[in-house]
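The next block holds one structure in the form of structure tokens; read it before the comments.
In the text below, chain A, chain B and the rest are named by the order of the sequence lines, each starting its count at 1. Side chains are part of it too, since the values below use all heavy atoms of this structure and drop only hydrogens, waters and symmetry mates.
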Amino acid sequence: MRETRLRFPPSPTGYLHIGGARTALYNWLYARQTGGKLILRIEDTDTGRSTEESIQGIIEGLEWLGIDYDEGPYFQTDFEQDHLAAARKLLEKGAAYKCFCSKEELEAKREAALAAKKPLGYDRTCRNLSPTEITEKEAAGIPSVLRFKVPERSGNLGYDDKILGRIESNYSEIDDFVIVRSNGKPLYLLCNVVDDIRDRITHIIRGQDHMTNTLKQVLLYEALEVPLPVFAHMPLTLDTKKAKISKRSHGEIVAVQFYRDSGFIPWAFNNFLALLGWSAGNDQEFYSKEELIKEFSLERINKSSAIFNYKKNDPKFFTDPKAIFINEHYLRTMDIAELGELVKNELKKEDLWHDGYDADKKDRYLQTVDLIRDRFHTLKDFTSLGRAYFADDFAIDEKPLAKNVLKFPELQKWLPELADRYEKLAEFSLEETERVARELSDELAIKPGIIINAMRTVVTGQLAGPSMFDILVTIGRERVVQRLRDVGKLFA
RNA sequence: GUCCCCAUCGUCUAGUCAGGUCCAGGACAUCGGCCUUUCACGCCGACAACACCGGUUCGAAUCCGGUUGGGGACGCCA
């Protein structure tokens with residue numbers, strides 16, 4: 001069987017957004033499953049809008065996701081000669097023709113057609129110009145574009161889509177589309193096909209927004225006398241108002257970079273993306289990389305578009321709840337050493353990392369991460385909500401401060417007393433710390449909860465958290481004692 | 001306007017190709033409850049959908065037709 005070759009061809013006119021990432025992911029999954037190759041091709045023929053920054057963003061986004069490619073990045077502009085050679089071939093064999101209509105004329109015609117509610121396509125004014133007319137216009141210096149000459153045939157043109165089935169349309173519906181600009185630069189429809197042919201692409205997995213392009217490109221393949229690759233048009237990702245998601249209208253929430261910067265685990269995000277438009281036909285929703293590569297199939301990609309369900313202005317659900325849920329799942333269940341590495345990056349960014357965490361204090365470090373991960377949503381939480389576990393300059397949340405501390409002024413005596421007892425303890429263990437805390441509350445004839453919750457607030461700054469005595473042992477005697485003694489500061 | 005695609009809970013979806021086992025299953029979210037000295041996890045429960053109208057059939061979420069709705073495309077962008 002011939003090698004499968006797939007490609008991801010973004011145009012570098014903005015960051016990598018989740019729709020693009022999902023397209024890349026599906027191509028990657030299929031390539032990996034079939035032992036084929038994935039090619040990254042930057043389609044930068046729109047020189048006005050392509051930027052270096054965008055190229056970097058796309059490459060970094062793919063890297064973060066872990067979507068690796070076997071060839072590239074290739075740059076479409078590097079192959080301009082190939083594109084033009086193909087255009088010449090088409091012109092010579094009569095499959096293309098020069099069009100001298102000006103942009104202004106075409107624009108006027110389009111507007112008129114729109115107003116009259118008529119079809120918007122090109123009216124083929126220049127399709128049957130005589131050689132003399134062409135020579136005259138050229139002599140007069142009138143610029144021209146090259147248009148593809150859609151064959152004059154009755155009946156339908158079509159192809160078999162791996163996801164949607166047979167797609168057909170009448171030849172008369174296809175426009176004579178432009179393949180070379182008046183400035184001599186080739187255009188997408190042509191470049192894309194020429195590159196796919198040169199790169200020996202066997203499967204084209206792309207969004208349904210390309211469906212009309214595909215019809216035209218099928219004609220190009222035919223004119224270039226090359227067999228068709230397999231086409232698979234994925235459903236689009238829409239917003240909650242069912243509009244196509246885009247950088248322009250949705251901002252950072254749809255950028256892959258946003259998820260990296262928000263503390264998502266790369267594979268968790270891939271897992272989420274994979275399920276947005278595909279399912280194995282069962283109830284499984286967590287897949288390891290290997291499982292997903294094995295289970296993925298083009299045939300089981302949904303036909304209908306999926307909605308990216310993010311809620312604006314909700315701090316807890318700042319993006320699609322399912323994405324957060326899947327991230328939480330990985331946060332809680334993934335290998336602790338692996339998670340330790342991810343958290344390490346976060347700590348470093350906040351200047352909270354100590355090299356000892358990788359050496360003599362490694363066990364303690366991983367134990368800490370393991371203790372607190374259950375309540376977190378993203379990697380960011382380790383340095384925000386979990387700051388007290390790694391530093392002394394953490395903030396005390398106002399709510400527990402009022403509820404658990406300020407409400408009981410006597411704590412200014414009780415907690416330092418507890419600190420004294422903890423300091424003298426022979427063994428600073430789970431059992432001992434709990435025994436002493438309960439003993440003290442007994443003596444004071446108060447509920448243990450008062451001491452425990454006050455301690456939680458003073459030691460971690462948080463209203464909620466793991467079992468209190470686990471926290472004490474994990475944070476360590478020295479820090480605990482100090483924080484308990486400093487309780488008076490909070491009343492100042 | 002023309003062409004193409006799509007249509008199951010709020011969202012992601014299973015079931016549709018091979019009609020009955022589906023008065024439609026799972027997950028997220030939401031709301032209760034249990035657990036917990038806190039919170040989360042976990043567990044239990046509740047809410048909630050076959051767009052509509054015809055047809056075929058003993059029987060339709062499933063097949064056919066139409067309607068409606070949604071999306072996409074219609075560029076000297078990609």
Practice task
Determine the contact category for A:Asn302: base if any of its heavy atoms lies under 4.0 Å from a base atom, sugar-phosphate if only primed atoms, P, OP1 or OP2 are that close, otherwise nothing.
Solution key: sugar-phosphate
Exercise for the section: Let me know the distance between NZ of A:Lys103 and C1' of B:C77, rounded to the nearest Å. Expected result: 11 Å
Exercise for the section: Could you tell me if the ring centre of A:Tyr159 sits under 6.0 Å from that of A:His233? Expected result: yes
Fill in the blank from the handout: Of the candidates B:A78, B:G71, B:C12, the side chain of A:Lys322 sits closest to B:C12
Handout entry: Ring-face cation contact, A:Phe79 with A:Arg198, 6.0 Å cut, 45° max
Key = yes
Practice task
Take the angle between the ring planes of A:Phe296 and A:Tyr26 and call it parallel below 30°, perpendicular above 60°, tilted in between.
Solution key: tilted
Problem - Whole-Å P distance, B:C41 and B:G1 - result: 49 Å
Exercise for the section: Give a yes/no answer on whether the side chain of A:Lys244 brings an N or O atom under 4.0 Å of OP1 or OP2 in B:A73. Expected result: yes
Handout entry: Separation of atom CG in A:Asn271 from atom P in B:C12, rounded to whole Å
Key = 17 Å
Practice task
Identify, between A:Glu173 and A:Arg147, the residue whose nearest nucleotide on RNA chain B lies closer to the 5' end.
Solution key: A:Glu173
Fill in the blank from the handout: note: A:Glu168, atom CD; B:C3, atom C1'; distance rounded to Å ~ 14 Å
Report, one pair per line, the protein and nucleotides 39-45 of chain B atoms (nitrogen or oxygen only) whose separation is under 3.5 Å.
unit_1, atom_1, unit_2, atom_2, d
B:C39, O2, A:Arg375, NE, 2.2
B:C39, O2, A:Arg375, NH2, 3.4
B:C39, O2, A:Gly465, O, 3.3
B:C39, N3, A:Arg375, NE, 3.4
B:C39, N3, A:Arg375, NH2, 2.9
B:A40, O2', A:Asp374, O, 3.3

Completion exercise
Regarding the side chain of A:Lys303, the nearest nucleotide among B:U13, B:C6, B:C74 is B:C6
Exercise for the section: From the options B:U38, B:C76, B:U13, select the nucleotide whose nearest atom is closest to the side chain of A:Asn453. Expected result: B:U38
Exercise for the section: Among the candidates B:A29, B:C5, B:A78, find the nucleotide nearest to the side-chain atoms of A:Leu164. Expected result: B:C5
Exercise for the section: Considering just the side-chain nitrogens and oxygens of A:Arg300, establish if one lies under 4.0 Å of OP1 or OP2 belonging to B:G15. Expected result: yes
Practice task
Name the nucleic acid region contacted by A:Thr13, choosing base, sugar-phosphate or nothing; use a 4.0 angstrom heavy-atom cut-off, strictly under.
Solution key: nothing
Practice task
Identify the heavy atoms of A:Ile204 and A:Pro229 that sit nearest to each other, and give their distance.
Solution key: CD1-CG, 3.7 Å
Handout entry: Out of B:U13, B:A73, B:C4, whichever nucleotide has its closest atom nearest the side chain of A:Ser169
Key = B:C4
Practice task
Evaluate whether atom NZ of A:Lys137 has more than 12 neighbouring non-hydrogen atoms of other residues, nucleotides or ligands under 6.0 angstrom away.
Solution key: no
Exercise for the section: Please report, rounded to the nearest Å, how far the P atom of B:G72 is from the CD1 atom of A:Ile307. Expected result: 12 Å
Handout entry: Along RNA chain B (nearest heavy atom to each residue), the more 5'-positioned of A:Ala280 and A:Ser467
Key = A:Ala280
Handout entry: Candidates B:C4, B:A78, B:U13 - which lies nearest the side chain of A:Ser11
Key = B:A78
Exercise for the section: Take the protein atom CD of A:Gln208 and the nucleotide atom P of B:G70, then report the distance between them rounded to whole Å. Expected result: 17 Å
Problem - Presence of A:Arg181 side-chain N/O under 4.0 Å of B:C77 phosphate oxygens OP1/OP2 - result: yes
Exercise for the section: Give me the ring orientation class for A:Tyr259 and A:Phe308: parallel if the planes are under 30° apart, tilted from 30 to 60°, perpendicular past 60°. Expected result: perpendicular
Completion exercise
Between A:Asp176 and the options A:Lys98, A:Arg127, A:Lys149, A:Arg147, the salt bridge (Lys or Arg N to Asp or Glu O under 4.0 Å) test singles out A:Arg127
Exercise for the section: Provide the distance between the two C1' atoms, one in B:C31 and one in B:G71, to the nearest whole Å. Expected result: 33 Å
Handout entry: Integer-rounded Å distance: B:G1 P and A:Leu120 CG
Key = 11 Å
Problem - Between B:C6 (C1') and A:Met234 (CE): distance, integer Å - result: 15 Å
Handout entry: B:G71 OP1/OP2 closer than 4.0 Å to side-chain N/O of A:Ser305
Key = no
Exercise for the section: Specify the separation, in whole Å, of atom CE of A:Met211 and atom C1' of B:C4. Expected result: 5 Å
